[in-house]
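Every chain is numbered from 1, with letters handed out A, B, ... down the list of sequences.
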Number of protein chains: 2
Amino acid sequence: MRLLVVEDNAELGALLTKGLAASGFAADVVGTAQDAREALAAARYAAIVLDLGLPDGDGLGVLRKLRERRDTTPVLVLTARSSVRDRVTGLRDGADDYLVKPFALEELVARLHALLRRPGELLGRSLRVGNVVFDTEARQVFVADTPQFFSLREVAVLEILMRRSGRVVSKKLVEDHLFGLSGDVGSNAVEVYIHRLRKQLADSGAKAQIHTIRGVGYLIAEEKEP
Amino acid sequence: MRLLVVEDNAELGALLTKGLAASGFAADVVGTAQDAREALAAARYAAIVLDLGLPDGDGLGVLRKLRERRDTTPVLVLTARSSVRDRVTGLRDGADDYLVKPFALEELVARLHALLRRPGELLGRSLRVGNVVFDTEARQVFVADTPQFFSLREVAVLEILMRRSGRVVSKKLVEDHLFGLSGDVGSNAVEVYIHRLRKQLADSGAKAQIHTIRGVGYLIAEEKEP
DNA sequence: GCGCCTCTGTCAGCTTCCCGTAAGCTGGGT
DNA sequence: ACCCAGCTTACGGGAAGCTGACAGAGGCGC
């Protein structure tokens, strides 16, 4: 899941990136409203974490612009101000949730999950393909009810595929989700992860298969014949 | 198990922390209703021990707020007042149990265990993984029916893992349960306990294994191949 | 009080394994 | 037959975790 974090404090930004990564989010961090606008024009995000106290003006402006465009990407507002007034303004302008600093990382993650679980969204608590089950909350994989041990990256790739099971996922999309904007992809990392995933899935007797669509991407689907 | 203790008498608070620790509870102590609200916003507790005679107002307010939010965390009310009226008010407002000062520490512990054994809870009297059995009441561990002797800390870690057997438990979660809010975690204490647990379990011929999930945490599961 | 012991948390050095890269191979499509 | 996308294997750097030793804090018996 790819997020945009709008936060001018570089230190906190780095902390968030790291913490969110541990929960399977790839976060792009920007420090100004201007950069936020550009990032939003360039890519689609699953959700946005927005600090209101930005140096170059008001974060609320970003939010308003977004909603004017009928963009319904979930926005979680983050701020040091705790007055009722600010909270009301934020929510009236289209924020979906509100968190006051200082906050616990776990609470941020919990609220993001809640937001992403909303109506139209891509989320149940667990995803299933064949006998492979992915628990989105615990970020854990089961094959025929036995827990499997995958690395963080492997889990991330599998999640993307399973969230779109039966549909093709472009290699580019996977790269973006793994690495965010910092597009350092000087290699075939995705191919390597697909390979490792296939191997482990086969070894564990999974009844799900990752197919290759040449020139397009990958697709996970239930395995047919025994 | 992590508890919140709301008690303004610092001396009694310290005493409770210590006594509860001896029974495997990690208690965060706060002295005011305000602090209690903040603690509850920041973390999840297995149960709450609530003194009604607080300096900054009424402890019952905390309880009411909690129940308004549909939070069903068990609450044990603690008070010097012994009138029937107070007792009734407390229970009507959603307290689960009631204890009048002065009280014996053992009685508090017994009642907490009773509360935690309730309906939705994750509790039978004993937990089992492979041939390892954990008696939650006596807080004792058996491997293939022979009793094992672990230290308090070790038992606490094992309990957390076994209550979530087959699922990943983050290292952070274990720290929080062991040390409460007083997050003095300047080291790799959890790793050390995991190490000691593994060693003892192996030595005693346990058919249960603690797996490491890099960058995430640990997981206990039945050992597969013989 | 005095030694003895266990429990705890810390540290430093070692080991393991993840991650990304690269380089050569395979196979499908034209 | 050739080319290119994707597959496979190998490897080095570095982070995460493991492990053995140790010192302080109690607790216990004497």
For this session: Given side chain to side chain contact (heavy atoms under 4.5 Å, CB included), test B/L16 with B/L108 step by step and report yes or no.
Result: CA-CA 10 Å; B/L16 285 177; B/L108 176 58; 3.7 Å; yes
Exercise. Does the side-chain hydrogen bond (donor to acceptor under 3.5 Å, both in side chains) test come out yes or no for B/E154 and B/Q200, once each step is laid out?
Worked result: CA-CA 10 Å; B/E154 288 161 5; B/Q200 284 208 46; 3.3 Å; yes
For this session: Evaluate the criterion side chain to side chain contact (heavy atoms under 4.5 Å, CB included) for residue pair B/V62 and B/V6; output intermediate values, then yes/no.
Result: CA-CA 10 Å; B/V62 175; B/V6 187; 5.7 Å; no
For this session: Decide yes or no on side chain to side chain contact (heavy atoms under 4.5 Å, CB included) for B/F134 and B/Q140, but give the supporting numbers first.
Result: CA-CA 6 Å; B/F134 182 87; B/Q140 195 169 6; over 6 Å; no
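Axis angle between the ends of the helix from C/dG1-D/dC30 to C/dT30-D/dA1, five pairs each and rounded to 10 degrees, works out to 30°.
At the phosphate of C/dG20, OP1 or OP2 sits under 4.0 Å from a side-chain N or O atom of A/R153. Distances shorter than 4.0 Å separate some side-chain N or O of A/S151 from OP1 or OP2 on C/dC19. Under 4.0 angstrom from either OP1 or OP2 of D/dA16 there lies no side-chain N or O belonging to B/Y218. Under 4.0 angstrom from either OP1 or OP2 of D/dC18 there lies at least one side-chain N or O belonging to B/T212.
A straight line from CD of A/Q200 to C1' of C/dC17 spans 12 Å, rounded to a whole angstrom. Computed from coordinates, the A/I213 CD1 to D/dG6 C1' distance equals 12 Å when rounded to whole Å. Distance CD1 (B/I194) to P (D/dT19): 11 Å, rounded to an integer number of Å. Remark: C1' of C/dT8 and NZ of B/K18 are 14 Å apart, rounded to the nearest angstrom. If you take CG of B/L152 and P of D/dG27, they are 12 Å apart, rounded to a whole angstrom. Atom NE2 in A/H211 sits roughly 13 Å away from atom P in D/dC7 (whole-Å rounding). Between B/L158 atom CG and C/dC7 atom C1' there is a gap of 17 Å when expressed in whole angstrom units. The distance between atom NZ of A/K172 and atom P of D/dG6, rounded to the nearest whole Å, is 14 Å.
Inter-residue side-chain proximity for A/V157 and A/Y218 is flagged as unmet; no heavy-atom pair is nearer than 4.5 Å. By the 4.5 Å heavy-atom criterion applied to side chains, B/L178 and B/R153 are counted as neighbours.
Between the CG atom of B/L158 and the CD1 atom of B/I194 there is a distance of 9.0 Å, given to the nearest 0.5 Å. One distance of note links OH of A/Y45 with CG of A/L4; it measures 5.0 Å at 0.5 Å rounding.
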For residues 166-173 of chain A, which side-chain N or O atoms pair as donor and acceptor with protein atoms under 3.5 Å away, sequence neighbours left out?
from: A/R167; atom 1: NH2; to: A/R163; atom 2: O; distance (Å): 3.3
from: A/S170; atom 1: OG; to: A/L173; atom 2: N; distance (Å): 3.0
from: A/K171; atom 1: NZ; to: A/E191; atom 2: OE2; distance (Å): 2.7
from: A/K172; atom 1: NZ; to: A/D176; atom 2: OD1; distance (Å): 3.3
from: A/K172; atom 1: NZ; to: A/D176; atom 2: OD2; distance (Å): 3.2

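Nearest-nucleotide positions on DNA chain C place B/Y193 closer to the 5' end than the other of A/L178 and B/Y193.
The only option from B/N131, B/V129, B/V132 that meets the side chain to side chain contact (heavy atoms under 4.5 Å, CB included) definition with B/K207 turns out to be B/N131.
When each of D/dC18, C/dG20, C/dG9 is scored by its nearest atom to the side-chain atoms of A/F179, the top-ranked nucleotide is C/dG20.
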Enumerate all atom pairs, one protein N or O and one N or O from nucleotides 8-11 of chain D, separated by less than 3.5 Å.
from: D/dT8; atom 1: O4; to: A/N188; atom 2: ND2; distance (Å): 2.9

N/O to N/O distances under 3.5 Å, protein versus nucleotides 27-30 of chain C:
from: C/dG27; atom 1: N2; to: A/R214; atom 2: NH2; distance (Å): 3.2

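Applying the side chain to side chain contact (heavy atoms under 4.5 Å, CB included) criterion to B/Q209, with sequence neighbours excluded, gives B/H211, B/E223. For A/V29, the side chain to side chain contact (heavy atoms under 4.5 Å, CB included) partners are A/V5, A/T17, not counting sequence neighbours.
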